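Everything numeric here is computed off the predicted structure, so don't read it as measured data.
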Amino acid sequence: MRCAKSNRSYFNQLLRYKGQLWVDTLFMSGLFHVKAGQLLNKPAYCEEVIYQFLLHTQFLSDPVSGLWRHGWHFTEKHHFAGALWGRGNGWAAITAVELLELTRASHSASSRFIEQNFLRQSEALLSAQADNGMWHTLLNDPHSYQESSATAAIAYAFLKWYRLGILDSRFADASVNAIAALLARIDHQGQLAEVSSGTPVFMTLPEYTDVPIRQRSYGQSLAMLALAEMLRHPHLLRTQPV
């Protein structure tokens, strides 16, 4: 009986999000399926993820700013609040660089598309970075709070794209500034501060700025990615203090 109730609750949750497209899914599910496809020799898994990335780009990448919106509702035909959410843009940026690294050798149309889309996004992200190296939870709203997990994700993507020879030194400099800001927010126990809590797709922008700050594992993980990638750039460490 408990199992039946649990199953009903699970399917009710699925129905609640029916017809919704979230940028989070690219990172949360997409990259796992690419790795699974490689390990299990299932190329169809990788092809599906590339298709999903292109589909998400079609509906979530803002053609004006180059940034990514948080969500799209196929049934109701709207972008919810239309939020240009910081961590969501980080999810998209990391997924793009990881996918490109896996598909770039094929010189396929999809890999070219992924690269060009990220070049647009990266220019917009560079313009949105605050003077202290951080990014805001709403990238186009300097009055929204600065958020560490978004900053870590974007810094990692910038540094890796720079290492792959796609981004120029402007983005490396931006990453160094972001890493310095992150280090200033790591306490003596190694905990990263100023990370926003779980963030669903909201219908209004103020709901994004009302999300409380908490210590979260995804913040820790993204910071570790950024810091580990920084260690692969010793010339940047020598020329600029972090």
**Request:** Verify the cluster assignment for Leu67 and Trp135: are they in a single hydrophobic cluster under the rule of side-chain heavy atoms below 4.5 Å apart?
**Result:** yes
**Asked** Do Phe171 and Tyr162 have ring centroids that are under 6.0 Å from one another?
**Response** no
**Message:** For a 4.5 angstrom cut-off between non-hydrogen side-chain atoms, does Thr25 reach Trp22?
**Reply:** yes
**Message:** Tyr145: which residues meet the ring pair (Phe, Tyr, Trp, His ring centres under 6.0 Å) condition with it, sequence neighbours left out?
**Reply:** none
**Message:** Taking salt bridge (charged side-chain N to carboxylate O under 4.0 Å, His left out) as the definition, give me every residue that meets it alongside Arg216, ordered by chain and number, with sequence neighbours left out.
**Reply:** none
**Message:** With side chain to side chain donor-acceptor pair (under 3.5 Å) as the rule and sequence neighbours excluded, what pairs involving residues 90-100 come up?
**Reply:** Glu98-Tyr156, Glu98-Lys160
**Message:** Let me check something: do Phe32 and Leu55 share a hydrophobic cluster, defined by ILVMFWY side-chain heavy atoms less than 4.5 Å apart, either directly or through other members?
**Reply:** no
**Asked** Taking the six-membered ring where the residue is Trp, are the ring centres of Phe80 and His70 under 6.0 Å apart?
**Response** no
**Item:** Residue list, ring pair (Phe, Tyr, Trp, His ring centres under 6.0 Å) with His79, at least two apart or on another chain
**Value:** Trp72
**Request:** Please list all pairs passing the salt bridge (charged side-chain N to carboxylate O under 4.0 Å, His left out) test where one or both residues lie in residues 50-67, with sequence neighbours left out.
**Result:** Asp62-Arg69
**Prompt:** Should Ser61 and Asn117 be marked as a side-chain contact (heavy atoms from CB on, under 4.5 Å) after you check the CA-CA gap, both sets of side-chain angles, and the distance that decides it?
**Reply:** CA-CA 8 Å; Ser61 180; Asn117 180 264; 3.3 Å; yes
**Asked** Who are the salt bridge (charged side-chain N to carboxylate O under 4.0 Å, His left out) partners of Arg170, not counting sequence neighbours?
**Response** Glu123, Asp168
**Cluster overlap Met203 with Trp85, hydrophobic side-chain contacts below 4.5 Å** = yes
**Item:** Centroid-centroid under 6.0 Å between Phe53 and Phe113 rings
**Value:** no
**Prompt:** Are Leu139 and Leu126 in one and the same hydrophobic cluster, where Ile, Leu, Val, Met, Phe, Trp and Tyr link if side-chain heavy atoms are under 4.5 Å apart?
**Reply:** yes
**Message:** Any heavy-atom pair between the side chains of Thr199 and Arg87 that's under 4.5 Å?
**Reply:** yes
**Request:** Go through the steps to decide whether Leu227 and Ile186 satisfy the test side-chain contact (heavy atoms from CB on, under 4.5 Å), and finish with yes or no.
**Result:** CA-CA 12 Å; Leu227 293 171; Ile186 298 175; 4.1 Å; yes
**Evaluation steps, side-chain hydrogen bond (donor to acceptor under 3.5 Å, both in side chains), between Glu207 and Thr204** = CA-CA 6 Å; Glu207 289 176 283; Thr204 66; 2.8 Å; yes
**Message:** Under the criterion side-chain contact (heavy atoms from CB on, under 4.5 Å), I'd like the reasoning laid out for Asp141 against Leu205: C-alpha separation, chi angles, the key distance, then a yes or no.
**Reply:** CA-CA 10 Å; Asp141 181 4; Leu205 295 177; over 6 Å; no
**Request:** Might you work through the side-chain hydrogen bond (donor to acceptor under 3.5 Å, both in side chains) test for Asn177 and Gln129, ending with a clear yes or no?
**Result:** CA-CA 10 Å; Asn177 292 335; Gln129 188 178 27; 5.3 Å; no
